Amino acid sequence: MNAPAVDGAPDSGRRRVVVGVAGGIAAYKSCALIRALTESGHQVRVVPTESALEFVGSATFEALSGNPVHTGVFTDVPQVPHVRLGQEADLVVIAPATADLMARATTGRADDLLTATLLTARCPVMFVPAMHTEMWEHPATVENVATLRRRGNIVVEPASGRLTGKDTGAGRLPEPDEIFALASLLLERADALPRDLAGRRLVISAGGTREPLDPVRFLGNRSSGKQGYALARLAAQRGADVTLVAGAVAGLDDPAAVDVVRVQTAQQMGDAVAKHAVGADAVIMSAAVADFRPAAFASSKIKKGAGEPDSVALTKNDDILAGLVRSRNDGTLSAETVIVGFAAETGDEQGDVLTYARAKLARKGCDLLVVNAVGDGKAFEVDHNDGWLLAADGSETALAHGSKALMASRVLDALRPLLPPSS
Ligand code: CTP
């Protein structure tokens with residue numbers, strides 16, 4: 001077989017990022033975003049609105065970004081900041097973006113430095129909305145969001161949950177880590193957030209399973225869930241309706257606009273995936289499912305001394321991925337459901353990683369297999385990865401080293417043309 005084509009590594013070095021901050025209570029969260037961006041080596045200019053400064057003072061923004069902060073177009077006039085900041089930026093992120101700011105952006109106003117910057121920016125512009133649910137769902141905001149998206153801006157799906165006061169609902173600012181992940185992805189790849197999965201339903205499994213031995217012990221694995229969470233986050237931001245079946249993960253926040261179903265064991269994961277797969281356009285099994293579980297569960301803690309077991313007997317868990325393929329073959333699942341598997345492989349004297357991965361793709365019968373070489377600190381518990389994408393039609397693509405978000409975007413790109421035509 002020929003060597004796979006390499007999907008080129010993007011430039012993710014030091015970049016110029018404008019962080020716009022509009023006047024909402026979530027403005028305080030922009031501080032963590034600014035810090036994360038500057039700590040990654042980017043050159044950050046913060047442009048708040050006047051009302052944002054009611055919530056966070058300019059001294060905070062200046063200290064965090066290491067740059068001066070202005071709100072109007074008449075400060076520092078010889079530098080023409082109202083034109084240059086936008087022109088020179090590699091990315092503009094507005095977090096929080098209030099209903100008012102998005103309305104002003106939609107009408108093309110330039111009555112402060114932030115809106116003027118939006119008119120001159122030619123780089124990706126990402127609005128991260130935060131407002132009360134009523135404001136988010138108001139037809140004026142809905143139309144403004146649609147207009148901004150139609151013009152090529154990214155408008156992030158907000159999170160649901162506790163808003164200011166006692167309210168809950170959609171409209172919460174996603175956590176700073178999540179905004180940072182999306183911003184970093186756009187710096188790696190400017191076209192990473194199209195709305196090409198709108199109207200699609202995806203089920204994604206993530207994390208490791210825990211197989212209980214007694215009330216306090218379990219057999220687990222080192223999966224952090226980061227890759228599956230990155231996939232779920234991105235699929236939702238590309239417009240999909242996403243159910244994330246999450247096993248044990250390393251303290252990750254729920255991705256915004258994703259339904260999270262929590263499970264512990266492989267059996268629970270199998271049941272949840274099978275239930276939610278019905279009617280889904282695609283199922284992505286990125287979870288590290290335990291192949292075996294203890295044959296018996298001790299209902300009280302196994303103690304040292306009398307009754308101490310010499311060994312732990314194991315029994316095999318069902319293969320969820322292979323089960324999905326069987327359900328598709330016997331008609332329980334739609335023939336059009338796309339099934340994606342993951343493989344963490346090591347090579348040995350009998351074969352290299354790709355040889356084993358090709359055999360796994362054939363054995364599992366899925367449509368796509370995402371392959372990661374493991375060992376030497378690769379794949380598990382880290383933020384970056386590389387690997388290959390093998391498709392059932394025999395095509396193979398090497399995925400150059402990049403963030404797990406970038407890997408996720410490539411997996412979704414490969415999945416997208418396999419989906420049935422939208423109804
Ligand atoms: N998988 C699954 N159910 C299992 C085990 C694995 O659905 N009981 C899925 C994983 O989510 C992944 C794929 O199968 O998408 C491959 O997992 P991997 O552990 O690499 O494969 P195994 O079939 O367990 O093969 P190996 O013998 O190499 O461990």
Side-chain angles (χ1 to χ4, degrees), residues 202-212 218-232 235 243-249 261 263-277 280 282-295 314-329 332-333 337-348 350-375 378-380 385 387-392 399 404 407-408 411-412 414-415 418:
L202 264 59
V203 178
I204 299 172
S205 70
T209 59
R210 290 180 167 183
E211 310 299 323
F218 56 81
L219 298 182
N221 59 59
R222 288 175 53 197
S223 172
S224 64
K226 285 181 177 174
Q227 185 62 75
Y229 270 55
L231 274 161
T243 302
L244 174 63
V245 180
V249 298
V261 176
V263 297
Q264 289 278 322
T265 67
Q267 286 172 304
Q268 289 166 357
M269 181 167 279
D271 291 345
V273 168
K275 176 176 159 199
H276 292 283
V283 183
I284 306 178
M285 283 297 303
S286 69
V289 185
D291 289 322
F292 302 96
R293 65 179 181 276
L314 298 176
T315 189
K316 217 165 172 187
N317 281 325
D318 290 339
D319 187 320
I320 303 169
L321 183 63
L324 288 167
V325 174
R326 267 199 313 278
S327 303
R328 188 172 64 176
N329 293 341
T332 322
L333 264 192
T337 309
V338 180
I339 301 175
V340 182
F342 269 68
E345 297 288 345
T346 52
D348 59 22
Q350 265 86 52
D352 63 6
V353 169
L354 269 178
T355 312
Y356 283 112
R358 288 174 189 136
K360 186 165 285 181
L361 176 67
R363 197 168 64 241
K364 301 259 185 179
C366 52
D367 304 294
L368 278 177
L369 189 71
V370 186
V371 184
N372 296 127
V374 293
K378 284 170 118 178
F380 289 115
N385 221 347
W388 297 266
L389 254 176
L390 309 189
L399 303 173
K404 287 188 173 174
M407 291 292 142
V411 172
L412 296 177
L415 168 73
L418 304 180

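As the structure lists them, so they are numbered: ligands from 1, and atoms in each ligand from 1. Please read all numbers here as calculations on a predicted model, not as lab measurements.
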Protein residue, atom and distance nearest to [atom], heavy-atom basis:
atom                    : result
atom 27 (O) of ligand 1 : R363 NH2, 4.6 Å
atom 18 (P) of ligand 1 : K360 NZ, 3.4 Å
atom 6 (C) of ligand 1  : K364 NZ, 3.8 Å
atom 7 (O) of ligand 1  : L321 N, 2.8 Å
atom 3 (N) of ligand 1  : I320 N, 3.0 Å

Taking N or O atoms only and a 3.5 Å limit, does [X] qualify as a polar contact for ligand 1?
X    : answer
V289 : no
S286 : no
V340 : no

Please check if the side chain of [X] supplies one atom and the backbone of [Y] the other of a donor-acceptor pair under 3.5 Å.
X    : Y    : value
D367 : V338 : no
N221 : A288 : yes
S205 : A287 : yes
S327 : L333 : no

Show the atoms of ligand 1 that are less than 4.0 angstrom away from any heavy atom in [X].
X    : value
A287 : 10 (C), 11 (O)
G341 : 15 (O)
M285 : 7 (O), 11 (O), 12 (C), 15 (O)

Nearest atoms (heavy-atom pairs only) where V245 meets M269: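 Minimum heavy-atom contact is O-CE, 3.9 Å.
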Atom 14 (O) of ligand 1 touched by protein (heavy atom, under 4.0 Å):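 Neighbour list for atom 14 (O) of ligand 1 includes protein heavy atoms (cut-off 4.0 Å).
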Side-chain heavy-atom pair L202, L231 within 4.5 angstrom cut-off: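 A side-chain contact is absent here, since even the closest heavy-atom pair is not under 4.5 Å.
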Side chains of V370 and S286 in contact at under 4.5 Å (non-hydrogen atoms):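 They are not in side-chain contact.
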Neighbour count >12 (heavy atoms, 6.0 Å) for atom CG, D318: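 Incorrect, the count does not exceed 12.
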Close approach, A266 and ligand 1, non-hydrogen under 4.0 angstrom: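 No; A266 lies far enough from ligand 1 that no heavy-atom distance drops under 4.0 Å.
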Test item, D318 contacting ligand 1 (heavy atom, 4.0 angstrom):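 D318: in contact with ligand 1 (<4.0 Å).
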Partner of D319 by salt bridge (charged side-chain N to carboxylate O under 4.0 Å, His left out), out of R363, K360, K364: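 The residue from R363, K360, K364 that satisfies salt bridge (charged side-chain N to carboxylate O under 4.0 Å, His left out) with D319 turns out to be K364.
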Identity of the nearest option to atom 16 (C) of ligand 1, non-hydrogen atoms only, from F292, Y356, F342: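 Among F292, Y356, F342, the closest heavy atom to atom 16 (C) of ligand 1 belongs to F342.
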Per atom 19 (O) of ligand 1, closest listed option by heavy atom (V370, L361, D291, T346):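 Heavy atom nearest to atom 19 (O) of ligand 1 belongs to D291.
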Gap between atom CD1 of I339 and atom CD1 of I320 - 0.5 Å precision: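 Rounded to the nearest 0.5 Å, the CD1-CD1 separation comes to 12.5 Å.
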